[in-house]
Trainee: 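Take this structure, written in structure tokens, and hold onto it; I'll ask about it next.
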Amino acid sequence: MRTDGSGRIIRGLAWLWVGVLFTGTGVRVLASCAGYGLPFTDLGSTNFCAQIAEAYFSGLTNGTSATTYAPTDSVPREQMAAFVTRTLDQSLLRGSRRAALDQWWTSNLHFNQAGLGLVAVGSTPTLLKSDGTDVWVSNNGDADVTRIRARDGANLGTWSGATSAVGVLIAMGKVFIAGQTTPGKLYEIDPSSSSAFPVSTVASTLGNSPAGIAFDGNKIWTANVGGSVSIVSPGTWSVATVTTGFSSLDGILFDGVSIWVTDQSAGKLFKLNSSGAVVQTVTVGASPAFPAFDGHNIWVPNFSDNSLTVVRSSDGVVLKTFSAGNGDKNGLSSPVQAAFDGQRILVTNEAGGLSFFKAADLSIIGSFATSGVSNPYGACSDGTDFWVSFEGSSSIGRF
């Protein structure tokens, strides 16, 4: 890579560095860039006309003036940051499922307009998860699980027998439910089966009161309010429960490398090794609940102090805390669960309303009240829309 001797990248080659453009792959080269309709008059006979045209027409760069690109000028780090982040945004926009479905909006405009968007489910719907086609909802009050078709909100059936159903996991072609009993239970649903059959109980010796549930590609994990994590081996369904270092766990997720759990009583986010031992402790807010992972950072809603903590998963550094005290509360009011749709973070507020953030730069999108329904609790994305459970209204809503 060529620099100007000070470590700064030369503008004409900058796009190779960010990984957007490639040479030697049959890219058409013109003696002049005029054929691409570029406004720049200082490009000469560069071999990078196609790449510069892509950068210009996609909005990644506007040149150094209306008619100059300055191909041999160095690019300071601050400008390179702009190039890279614009590239990431473009890849998210053009490569997302929402883009393919012509859903370009990122703001959240109308909730339940004209009575649209709500689907009736069971009593006290708690947590929910999508398999990419359908949304599975745990109805804690009815001890069952409802399957809703995401495309049109059709009710595809309800599976009974899931006593104290809370956490929902989609893994290995099955649906798993954490039963918040003492001791805890793990239920399984075969999506190809009829809802005329009840759920199957595959493990009944989990730690007390499991809530959150996650899968690491090998084992199923539950975070137990009783103060433990349970590690379940699919197939044999043997259970190992770890209590050391925990007070009252709630949320759990896998970031591709490690398991993370929230401890309500301690106000901590714990990183665990494969045996369930704590290997890192991150102080977050009061009563952390159900977090979300956006591919880089973990978003932790803190129920008791109305805040949201963003933690970098690679090293556990707290990047930002949204709160009234910091002047960026964004409607947070007893926040419960965070969810990620590929671009945005949604946070449910049990006291009412939803809060939205942009994952890429940790900025605020906005918040709004959820009138007509009560107690927003669980949240997930189906890859296109967000879905939220309303514990006090026996329904879920599509956004």
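None of the values given here were measured: they were computed from a predicted structure.
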Trainee: Which class fits the ring pair Phe356 and Phe368: parallel under 30°, tilted 30 to 60°, perpendicular over 60°?
Mentor: parallel
Trainee: Has Asn330 got a side-chain atom pairing as donor or acceptor with Ser355's backbone, closer than 3.5 angstrom?
Mentor: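 Not confirmed, Asn330 side chain does not pair with Ser355 backbone.
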Trainee: Rounded to the nearest 0.5 Å, what separates atom CG in Asp216 from atom CD1 in Ile231?
Mentor: 8.5 Å
Trainee: Do Asn139 and Asp144 have a side chain donor and acceptor closer than 3.5 Å?
Mentor: yes
Trainee: Given the rule in the side chain to side chain contact (heavy atoms under 4.5 Å, CB included) test, do Ile298 and Trp260 qualify, once you have shown the distances and angles that lead to the verdict?
Mentor: CA-CA 9 Å; Ile298 300 171; Trp260 297 79; 3.5 Å; yes
Trainee: Taking Asn140 for the side chain and Ala165 for the main chain, is one N or O donor matched with an acceptor at less than 3.5 Å?
Mentor: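 Yes.
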Trainee: Taking the side chain as every heavy atom from C-beta outward, state whether Leu308 and Asn302 have any pair of such atoms under 4.5 Å apart.
Mentor: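 The answer is no; the side chains never approach within 4.5 Å.
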Trainee: Go through it in stages, so that I can follow the logic: the residues are Leu354 and Ser367, the test is side chain to side chain contact (heavy atoms under 4.5 Å, CB included), and I'd like the CA-CA distance, side-chain angles, deciding distance and then a yes or no.
Mentor: CA-CA 6 Å; Leu354 306 175; Ser367 64; over 6 Å; no
Trainee: Over all heavy atoms of both residues, which pair between Ile170 and Ser130 is shortest? Give the atoms and the distance, please.
Mentor: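 That would be CG1-O, 3.8 Å.
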Trainee: Using the rule that Ile, Leu, Val, Met, Phe, Trp and Tyr join whenever any side-chain heavy atoms are under 4.5 Å apart, tell me whether Val318 and Phe303 fall into a single cluster.
Mentor: no
Trainee: From the options Thr283, Thr262, Asp263, select the one residue that forms a side chain to side chain donor-acceptor pair (under 3.5 Å) with Lys268.
Mentor: Thr283
Trainee: Do you know which of Ile259, Thr243, Val242 makes side chain to side chain contact (heavy atoms under 4.5 Å, CB included) with Val229?
Mentor: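 Single pass found, and it is Val242.
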Trainee: What do the steps show when you test Thr201 against Ser204 for side-chain hydrogen bond (donor to acceptor under 3.5 Å, both in side chains), and what is the final call?
Mentor: CA-CA 7 Å; Thr201 301; Ser204 56; over 6 Å; no
Trainee: Will you find, in the side chains of Thr241 and Ser228, an N or O donor that is under 3.5 Å from an N or O acceptor?
Mentor: no
Trainee: If I compare all heavy atoms of Ser304 with all of Ser287, which pair ends up nearest, and what's the gap?
Mentor: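 Looking at all heavy atoms of both residues, the closest pair is OG-OG, 2.7 Å.
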Trainee: Quick check: does any side chain N or O of Ser313 sit under 3.5 Å from a backbone N or O of His296, one acting as donor and the other as acceptor?
Mentor: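 Checking the backbone N and O of His296 against the side chain of Ser313, a donor-acceptor pair under 3.5 Å is found.
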Trainee: So do the side chains of Trp299 and Phe357 get within less than 4.5 Å of each other, counting heavy atoms only?
Mentor: yes
Trainee: If we ignore angles and hydrogens, is there a donor and acceptor under 3.5 Å between the side chains of Thr163 and Thr181?
Mentor: no
Trainee: Just by distance, no angles: are the side chains of Asn224 and Ser209 close enough, under 3.5 Å, to form a donor-acceptor pair?
Mentor: no
Trainee: For Val145 and Ala162, which heavy atoms make the closest approach, and how far apart are they?
Mentor: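 Heavy atoms only, the tightest pair is CG2-CB, 4.1 Å.
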Trainee: How about Ile177 and Val199: do any of their side-chain heavy atoms sit closer than 4.5 Å?
Mentor: no
Trainee: Should Asp315 and Arg312 count as an ion pair when the cut-off is N to O under 4.0 Å?
Mentor: yes
Trainee: Step by step, work out the side-chain hydrogen bond (donor to acceptor under 3.5 Å, both in side chains) result for Ser123 and Ser394.
Mentor: CA-CA 5 Å; Ser123 174; Ser394 298; 4.8 Å; no
Trainee: Stepwise, does the side chain to side chain contact (heavy atoms under 4.5 Å, CB included) test hold for Trp136 with Thr146?
Mentor: CA-CA 6 Å; Trp136 297 80; Thr146 300; over 6 Å; no
Trainee: Between Thr46 and Phe48, is there a donor-acceptor pair closer than 3.5 Å when you use the side chain of the first and the backbone of the second?
Mentor: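 Pair found, side chain donor or acceptor close to backbone of Phe48.
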Trainee: Less than 4.5 Å apart, side chain to side chain, heavy atoms only: is that true for Asn155 and Ile148?
Mentor: yes
Trainee: Test of understanding: clusters of I, L, V, M, F, W, Y form through side-chain heavy atoms closer than 4.5 Å, transitively. Do Val300 and Leu362 belong to the same one?
Mentor: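 In one cluster with Val300: Leu362, no.
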Trainee: Is it the case that the side chain of Arg398 and the backbone of Ala150 share a donor-acceptor pair, with hydrogens and angles ignored and the cut-off at 3.5 Å?
Mentor: yes
Trainee: Among side-chain atoms of Ser258 and Asp255, is any donor-acceptor pair under 3.5 angstrom?
Mentor: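 On atom types as modelled, these side chains do not qualify, holding no pair under 3.5 Å.
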Trainee: Side chain to side chain contact (heavy atoms under 4.5 Å, CB included) with Tyr377: which of Asn349, Leu127, Thr124?
Mentor: Leu127
Trainee: Can you tell which of Pro198, Ser193, Pro191 makes a side chain to side chain contact (heavy atoms under 4.5 Å, CB included) with Trp159?
Mentor: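 Single pass found, and it is Ser193.
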Trainee: Distance only, no hydrogens: is a donor on one side chain within 3.5 Å (strictly under) of an acceptor on the other, for Ser65 and Thr68?
Mentor: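 A pair is found: one side chain offers a donor N or O, the other an acceptor, under 3.5 Å apart.
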Trainee: Charged N to carboxylate O under 4.0 angstrom, Asp134 versus Arg149?
Mentor: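 No.
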Trainee: Do the ring centers of Tyr69 and Tyr56 come within less than 6.0 Å of each other?
Mentor: no
